[in-house]
Amino acid sequence: MTDGIANDRLEKLQAVRAAGQDPFPARVPRGQPVASVLTDFDARTGQTVTLCGRLGQIRDFGKLRFAHLQDRSGSIQVGFQRERLAAFWPDRKRIEGNDLVSVTGELGTTQKGEPTLWATDVVLASKALRPAPEKWHGLTDTEQRYRMRYVDLFANGAVRDSFVRRSHIVREVRAYFDSLDYLEVETPILQPIFGGAAARPFRTHHNALGMELFLRIAPELYLKRLIVGGMERVYEIGRVFRNEGVSTRHNPEFTMLESYEAWADYRDIMARVEGLFAHLTAKVLAGDGKVTFRERQYDLAPPFQKARYLDLFAQQNPSVDWFDHGAVTRRARELGLETKDKAPHTLANDVFEATVEDTLQGPIFVYDYPVAISPLAKRLAEDPRVTERFELFVAGMELGNAFSELNDPIDQQQRFEAQLLHKDDETPGEVDLDYVTALEFGMPPAGGLGIGIDRLCMLLSGSASIRDVVLFPLLRRLDAAPAADADGATQP
RNA sequence: GGGGGCGUAGCUCAGCCGGUAGAGCAGCGGCCUUUUAAGCCGUAGGUCGCAGGUUCGACCCCUGCCGCCCUCACCA
């Protein structure tokens, strides 16, 4: 017998079948949302309605039983009285807490004024073979909550609410870009060359074509091909995959928003980001931009602070020149950073991250990043060592990344080739020549943006861990994992 | 990968100095027509994460392993 199934529930299941009833019928009388009868409840007294949902714990008084019925909109008490349910009464114990039911009855109240559906007809909609978690603690074990999210969702209202909020956030992000006449598009997840970010990819294989493929680490290079193609304003909200560690702010697959707008530069995109946050503040946070995240208050209502990358670097690392490899190395050692096998620009950025990022409570735009760590961004006309790029930080966390897109195909090819000089497993093994070719056909000046939707949701819902905004975060499997061979021949 | 913490009944948790497993809720049987953490009486439920070791005796001490959480590292 499967672990966790109570034997008596199987007996109940048999009893239902023995009585000639289907414990898993295809259809039952459909009802209305619970919340819809709770509004103006007094005026509805005496109405007959049908409600469908999951039963809570039954409070049994012999000839009278109470239980709450929960659907996604809310919950209401249901009263089962022998005198109103003569036909059903002998079968009543076949329905237990956590079963899914359809109840028809008359709206009324109890002596204490509790809104109650006084049942006149009860239909078992689906038999639950496992009980719900204990009623007032719910499911609290973190691991169980992630592994059995389906239980977490019906047992913990706050969990349900935060995933509803996530859905609303994504909807409003779409609404914002749609309102600006952007086109939502979909680009390949399976890519022969990975690019658009620096990250280790997941590798896979296509059998029929006999081809190695990568799960995308970013949609960037495909979206910009669409800008070349004249689509002018595009965005994509989709999953990207990075074969890296997990932490409270990293999940190996996560959701990225990327948008590209022709004829815009990074200043315009900065305004778009502020517009997006104003929109989200109005639609998701009900007008107040204040959120609590990791026990600190943040005001997400724009405008945001702004600071130049190199100025912040200089503030925290006085008399260290970002471009002076020797000085940077000395500083990195002083900070206890790993300096071996690091490209000069990577090390310099490590120093930035070690000394500056935690100070960026924000929201703050950090802008004008060095070109060496910005291979896809356009250089500043006044200073070719620096690019028209900004990142948005809140709570020391990188939320977004944007720049004036590099559209000079020759510069682009040289930067790709420069990357290969410091090649590591985060660098593609080859230059994406097709992307360079696309640029050769001419890409209008454009501003692009990437925002991590999961981190945005963390912030807007006050969730300290990314796993609280990802429905099914990646976990190890519990049984002995078979050797990860292509054919998976190992028996569990 | 390093450090710290955790893992006991379906759920939430106790379990002392090493002496042989406990409670509440859920379940089952019974009483009860206004409860809402219902109540009362009775009952059942355990590979104490896994595997070794020490010991007359291990949930407890030791070693290894597995899983989760936090943290550091890694991660533009």
Side-chain angles (χ1 to χ4, degrees), chain A residues 2-12 56-68 75-85 93 96-98 108-116 118 128-148 151 155 196-200 217-218 242-252 254 309 336-338 343 345-350 352-354 357 366 369-370 372-377 389 391 393 398 400-401 403 424-427 450 452 464-465 467-468 473 475-481:
Chain A
T2 311
D3 185 41
I5 296 185
N7 281 323
D8 51 273
R9 290 205 173 231
L10 290 173
E11 287 163 14
K12 293 273 166 60
Q57 183 196 338
I58 293 170
R59 302 180 287 274
D60 187 353
F61 287 82
K63 298 183 187 66
L64 170 70
R65 331 181 91 199
F66 291 107
H68 271 79
S75 93
I76 186 174
Q77 176 166 270
V78 180
F80 304 90
Q81 290 170 298
R82 186 173 68 169
E83 62 198 31
R84 289 181 192 244
L85 282 166
K93 292 204 170 176
E96 304 168 272
N98 208 32
T109 54
T110 61
Q111 287 170 2
K112 292 192 177 160
E114 171 92 8
T116 299
W118 294 106
L129 299 183
R130 295 173 188 254
E134 188 236 15
K135 66 188 164 213
W136 62 82
H137 294 99
L139 190 68
T140 61
D141 180 74
T142 324
E143 181 175 359
Q144 290 280 68
R145 287 185 42 231
Y146 297 155
R147 289 195 191 277
M148 305 179 98
V151 177
R200 274 186 284 274
I217 58 172
R242 298 187 180 179
N243 205 339
E244 286 160 0
V246 297
S247 77
T248 49
R249 44 189 80 178
H250 297 86
N251 195 56
F254 62 99
Y309 177 97
L337 300 178
E338 179 63 58
H345 57 270
T346 307
L347 190 63
N349 194 50
D350 286 350
F352 177 90
E353 289 183 1
E357 273 198 0
V366 178
Y369 279 65
I373 55 171
S374 311
L376 297 159
R389 172 185 175 193
E391 292 200 348
F393 285 87
E398 181 197 335
N401 182 21
F403 33 88
D424 52 28
D425 50 7
E426 295 184 5
T427 312
S465 170
R467 295 180 207 98
D468 291 325
L475 298 174
R476 280 179 211 273
R477 48 189 292 174
L478 284 179
D479 53 3

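The sequence lines fix the lettering, A, B, ..., with proteins before strands; numbering per chain opens at 1. Just the heavy atoms: all of them, side chains too, but no hydrogens, waters or symmetry mates, feed the values below.
Here the separation of B:G19 from B:A38, taken at their C1' atoms, is 41 Å to the nearest Å. Comparing B:U63 with B:G24, their P atoms sit 37 Å apart, to the nearest whole Å. For B:U12 and B:C16, the C1' atoms lie 22 Å apart once the distance is rounded to whole Å. Between B:G45 and B:G22, the distance separating the two C1' atoms is 13 Å to the nearest Å. Taking atom P in both B:A44 and B:C66, the straight-line distance is 40 Å, to the nearest Å. The gap from the P atom of B:G15 to that of B:U8 amounts to 14 Å, rounded to the nearest Å. Comparing B:G39 with B:G2, their P atoms are spaced 49 Å from each other, to the whole Å. B:G18 and B:G1 have their P atoms separated by 33 Å, given to the nearest Å.
Residue A:K12 contributes atom NZ, which lies 15 Å from atom C1' of B:G10 at whole-angstrom precision. Taking atom CG on A:L129 and atom C1' on B:G10, their separation rounds to 13 Å, with Å as the unit. Rounded to an integer number of Å, the gap from CG of A:L10 to C1' of B:G10 is 13 Å. Between the C1' atom of B:C31 and the CZ atom of A:R65 lies a distance of 14 Å, rounded to the nearest Å. To the nearest angstrom, C1' of B:C28 lies 9 Å from CD of A:E11. When rounded to the nearest whole Å, the span between CZ of A:F254 and C1' of B:A76 equals 11 Å. In this structure, A:R249 places its CZ atom 14 Å from P of B:C74, rounding to the nearest Å. Distance A:I58 CD1 to B:U33 P: 17 Å, rounded to the nearest Å.
Heavy atoms of A:Y146 sit under 4.0 angstrom from primed sugar atoms or phosphate atoms, though from no base atom. As judged by a 4.0 angstrom heavy-atom cut-off over every strand, A:E83 is placed among the base-contacting residues. Residue contacts for A:G138: at a heavy-atom cut-off of 4.0 Å it reaches the sugar-phosphate backbone alone, with no base atom in range. Using a 4.0 Å heavy-atom cutoff across all strands shown, A:S247 reaches no nucleic acid atom at all. In this structure, A:P115 reaches neither bases nor backbone, as no heavy-atom distance under 4.0 Å exists between it and the strands shown.
A donor-acceptor pair shorter than 3.5 Å cannot be found between the side chains of A:Y146 and A:D141.
Put simply, the side chain of A:S247 gets close to the backbone of A:R249: a donor and an acceptor are under 3.5 Å apart. Side-chain atoms of A:R200 do not come within 3.5 Å of backbone N or O of A:E244 as any donor-acceptor pair.
Not a single donor-acceptor pair, N or O on each side, falls under 3.5 Å between the base of B:U35 and the side chain of A:E114. Judged by atom type and distance alone, A:E134 reaches the base of B:G24 through a side-chain donor-acceptor pair under 3.5 Å. In the interface, the side chain of A:Q81 is paired with the base of B:U34 through a donor and an acceptor atom under 3.5 Å apart. For B:U35, the base has a donor-acceptor partner in the side chain of A:T110 [N/O atoms by modelled type, under 3.5 angstrom].
Of the nucleotides present, B:G67 is the one that pairs with B:C6 by Watson-Crick or G-U wobble criteria, both distances under 3.5 Å. Pairing for B:C61 is with B:G53, a Watson-Crick or G-U wobble pair whose two hydrogen-bonding atom distances lie under 3.5 Å. B:G24 and B:C11 make up a base pair, with Watson-Crick or G-U wobble contacts both under 3.5 Å. Using N1 to N3 plus N6-O4 or O6-N4 for Watson-Crick, or N1-O2 and O6-N3 for G-U wobble, each under 3.5 Å, B:U35 pairs with nothing. The partner of B:G1, taking Watson-Crick or G-U wobble pairs whose two distances both stay under 3.5 Å, is B:C72.
Under the 4.5 Å side-chain criterion, counting only non-hydrogen atoms from C-beta, A:K93 is in contact with A:D60. Under the 4.5 Å side-chain criterion, counting only non-hydrogen atoms from C-beta, A:L10 is in contact with A:L129.
Proximity of A:K93 to the phosphate of B:G30: a side-chain N or O atom is located under 4.0 Å from OP1 or OP2. Contact annotation: A:R147 side-chain N/O to B:C69 OP1/OP2 distance is not under 4.0 Å. OP1 or OP2 of B:U12 has at least one side-chain nitrogen or oxygen of A:T140 nearer than 4.0 Å. Remark: A:K63 is not in phosphate contact with B:C31, judged by side-chain N or O atoms under 4.0 Å from OP1 or OP2. Residue A:Q77 places none of its side-chain N or O atoms closer than 4.0 Å to OP1 or OP2 of B:U35. Here A:R145 does not reach the OP1 or OP2 of B:C69: none of its side-chain N or O atoms lies under 4.0 Å away.
Ring planes of A:F352 and A:Y309: parallel class, angle under 30° (limits at 30 and 60°).
With B:U34, B:C28, B:C75 as the candidates, the nucleotide lying closest to the side chain of A:H250 is B:C75. Comparing B:A76, B:U34, B:C68 by their nearest atom to the side chain of A:A198 picks out B:A76. Proximity note for A:T116 (side chain, C-beta onward) versus B:U35, B:C74, B:U12: the nearest is B:U35. Distances were taken from every side-chain heavy atom of A:E398 (C-beta onward) to each of B:U35, B:U36, B:A76; the shortest belongs to B:A76. For A:R467, taking side-chain heavy atoms from C-beta onward, the closest of the listed nucleotides B:U36, B:G27, B:C70 is B:C70. Between B:U35, B:C11, B:C68, one nucleotide has an atom nearer to the side chain of A:L139 than all others, and that is B:C11.
Atoms CG and CZ, on A:L64 and A:R59 in that order, are 10.0 Å from each other to the nearest 0.5 Å. A:R467 CZ to A:T248 OG1: the interatomic distance, rounded to the nearest 0.5 Å, is 7.0 Å. Annotation: the span from A:E398 atom CD to A:E357 atom CD amounts to 7.0 Å, rounded to 0.5 Å.
In terms of heavy-atom proximity, A:G245 sits nearest to A:H250 at O-CB, 3.6 Å. The nearest pair of heavy atoms linking A:V78 to A:F80 is CG1-CZ, 3.6 Å.
If you find the closest nucleotide of RNA chain B to A:H137 and to A:R82, the one lying nearer the 5' end belongs to A:H137. Along RNA chain B, the nucleotide closest to A:D350 and the one closest to A:R476 are compared, and the more 5′ of them pairs with A:R476.
Here B:C56 is in the anti range [glycosidic angle more than 90° from 0].
The salt bridge (Lys or Arg N to Asp or Glu O under 4.0 Å) search around A:E391 returns A:R389, not counting sequence neighbours.
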What are the atom names and distances for every N/O pair under 3.5 Å that joins the protein to nucleotides 38-46 of chain B?
from	atom 1	to	atom 2	distance (Å)
B:A38	OP1	A:Q57	OE1	2.9
B:A38	OP1	A:Q57	NE2	2.9
B:A38	OP1	A:K135	NZ	2.5
B:A38	N6	A:D60	O	2.9

